[in-house]
Amino acid sequence: MSSGDEVVRIKRIDARLSPFDWNFSGERREDIDQHWAEISADKPAMFNGRVLLQHRGEIVGDAFVGRYFETNYADFIAWQRFGYPPPAVRNGFALAALRTRDGAFLLGEMASHTFNAGKIYFAGGTPDRDDLLADGTVDLPGSAARELFEETGLTAEEAIAEDDWVVALDPVRAAFMRAFRIDLDAEEARRLVLSRLAAQAEPELADIHIVRTRADLMPDRMPRFMLSYFNWLFGEENQR
């Protein structure tokens with residue numbers, strides 16, 4: 001796995017389930033259970049389901065080849081909070097880079113009842129069993145679309161997936177961003193999504209933010225992978 005930050009345009013992802021013995025889960029069981037009890041006490045909506053993490057990953061030609069294993073959400077969250085102890089694994093997840101007709105991006109602000117409350121990034125999330133196909137493929141394209149539609153209330157007719165993928169890599173994350181287009185200007189699209197959120201019983205998003213230039217970035221509230229992506233993207237577009 002890469003030891004530094006990297007942003008790369010790719011054409012496809014080969015992601016599959018593959019056996020892996022993550023000794024962190026067993027060796028830190030008591031600490032993990034205690035940590036989960038503490039963080040979930042005031043967030044009853046949090047669910048300790050099964051998620052998929054990446055234990056191998058590399059760029060081969062124009063593709064990213066990754067291998068995944070199953071673990072508990074509590075173990076995954078503890079691994080992050082405990083400082084990403086070895087052996088090296090990654091959170092390899094897909095996001096929907098939603099872009100409007102006038103070239104702006106729409107990002108969601110996570111609601112107060114979520115683990116990442118207040119953070120601002122594209123719709124997306126760590127893959128889980130719902131993203132597993134019968135042949136063991138981890139369906140990251142499907143994951144990006146599902147998360148976008150669930151979080152924003154948009155439909156497949158309103159937000160159209162493109163072929164374009166960009167992956168932002170660091171030692172503990174592989175953030176796969178797929179382009180989606182909506183045929184509305186940024187302010188119109190924001191109003192539409194906010195109206196859909198208002199109709200949801202318990203929306204994951206508290207607000208929608210518009211990013212047009214680097215001046216719109218919020219380094220204190222955006223994850224590292226989002227900042228890496230936008231710095232790469234704006235640099236690439238400025239060279240055209």
Side-chain angles (χ1 to χ4, degrees), residues 1-11 13 15 51 53-54 57-59 64 66 76-77 79-84 88-100 102-112 114-127 140-141 143-145 147-148 151-152 159 161-162 164-182 186-187 189-190 193 204-240:
M1 293 200 178
S2 171
S3 60
D5 290 18
E6 188 178 11
V7 181
V8 181
R9 192 180 297 279
I10 56 175
K11 291 185 177 179
I13 303 170
V51 296
L53 298 183
Q54 191 181 104
E58 61 180 335
I59 294 173
F64 187 96
F76 163 56
I77 295 300
W79 169 71
Q80 295 181 88
R81 286 287 179 88
F82 297 172
Y84 309 102
V89 298
R90 274 199 184 111
N91 180 17
F93 53 98
L95 303 108
L98 182 61
R99 199 164 198 180
T100 60
D102 52 350
F105 289 90
L106 297 186
L107 286 71
E109 176 183 330
M110 300 304 294
S112 60
T114 65
F115 179 73
N116 290 318
K119 293 294 185 181
I120 298 169
Y121 50 92
F122 292 137
T126 302
L140 292 177
S143 179
E147 294 284 353
L148 175 64
E151 292 185 19
T152 66
E162 300 188 345
D164 186 43
W165 283 94
V166 173
V167 57
L169 298 168
D170 67 42
V172 295
R173 295 178 195 84
F176 300 96
M177 280 154 280
R178 188 176 200 183
F180 282 74
R181 292 278 180 170
I182 184 168
E187 294 292 349
R190 179 176 182 269
V193 175
E204 288 189 55
L205 303 181
D207 201 354
I208 298 297
H209 295 264
I210 298 171
V211 170
R212 292 186 175 91
T213 69
R214 281 193 175 93
D216 298 317
L217 300 179
M218 289 176 272
D220 58 330
R221 299 182 64 190
M222 291 179 175
R224 168 174 165 174
F225 59 83
M226 290 302 314
L227 298 174
S228 296
Y229 171 77
F230 278 120
N231 284 326
W232 170 86
L233 180 76
F234 291 144
E236 182 183 71
E237 292 187 344
N238 287 340
Q239 293 174 11
R240 292 177 183 172

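Since we're looking at a predicted model, the values are computed, not measured.
With sequence neighbours excluded, the residues forming a salt bridge (Lys or Arg N to Asp or Glu O under 4.0 Å) with Arg181 are Glu162, listed by chain and number. Evaluation of the salt bridge (Lys or Arg N to Asp or Glu O under 4.0 Å) rule for Glu204 yields no partner, not counting sequence neighbours. A search for salt bridge (Lys or Arg N to Asp or Glu O under 4.0 Å) contacts involving Asp207 returns Arg190, not counting sequence neighbours.
Across Ile120 and Met218, no two heavy atoms sit closer than the pair CD1-CE, 3.4 Å. Across every non-hydrogen atom of Ala186 and Leu106, the tightest pair is O-CD2, 4.1 Å. Summarising the geometry of Arg224 relative to Pro171, their closest heavy-atom pair is NH2-CD, 3.9 Å, with the distance given to 0.1 Å. Nearest heavy-atom pair, Arg178 versus Pro141, reported as atom, atom and distance to 0.1 Å: NH1-CB, 3.4 Å. Shown here for Ala159 and Phe180, the closest heavy-atom pair between the two residues is O-CD2, 3.8 Å. Between Leu169 and Ala174 the shortest heavy-atom distance is CD2-CB, 3.6 Å.
A donor-acceptor pair is defined here as one N or O able to donate and one able to accept, closer than 3.5 Å; no such pair exists between the side chain of Asn231 and the backbone of Ser228. Using a distance-only test at 3.5 Å, with no hydrogens or angles considered, no donor-acceptor pair links the side chain of Arg9 to the main chain of Asp164. Judged purely by atom type and a 3.5 angstrom limit, Arg90 has no side-chain atom pairing as donor or acceptor with the backbone of Ala175.
Between Val172 and Trp79, some side-chain heavy-atom pair lies under the 4.5 Å cut-off. Leu53 has its side chain within reach of Asn91: a pair of non-hydrogen atoms, C-beta onward, lies under 4.5 Å apart. Looking only at side-chain heavy atoms (C-beta outward), Gln54 and Phe64 come within less than 4.5 Å of each other. Contact annotation: the side chain of Tyr84 approaches that of Arg173 to within less than 4.5 Å [non-hydrogen atoms, C-beta and beyond]. The closest side-chain heavy-atom distance from Leu217 to Met222 is below 4.5 Å. Counting heavy atoms from C-beta outward, Phe234 and Val211 have side chains that approach closer than 4.5 Å. Under the 4.5 Å side-chain criterion, counting only non-hydrogen atoms from C-beta, Glu109 is not in contact with Ile208. By the 4.5 Å heavy-atom criterion applied to side chains, Leu233 and Val166 are not counted as neighbours.
Going from atom CE of Met110 over to atom OH of Tyr121 covers 4.0 Å, rounded to the nearest 0.5 Å. The distance from atom CD1 of Ile182 to atom OG1 of Thr152, rounded to the nearest 0.5 Å, is 8.0 Å. Atom-to-atom distance recorded for Met177:CE and Ile10:CD1 is 9.5 Å, nearest 0.5 angstrom. Distance check: Ile77 CD1 to Phe82 CZ gives 11.0 Å after rounding to the nearest 0.5 Å. Once rounded to the nearest 0.5 Å, the distance linking CG of Leu107 with CG of Asp216 reads 10.0 Å. Between Lys119 atom NZ and Thr114 atom OG1 the span is 11.5 Å, to the nearest 0.5 Å.
Close placement of the Phe230 and Phe122 rings is indicated, their centers lying within 6.0 Å of each other.
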>> Does Val167 form a side chain to side chain contact (heavy atoms under 4.5 Å, CB included) with Ile13? I'd like the steps, not just the answer.
In response: CA-CA 10 Å; Val167 57; Ile13 303 170; over 6 Å; no

> Given the rule in the ring-ring contact (aromatic ring centres under 6.0 Å, His included) test, do Phe225 and Phe93 qualify, once you have shown the distances and angles that lead to the verdict?
Replying inline: CA-CA 11 Å; Phe225 59 83; Phe93 53 98; 5.1 Å; yes

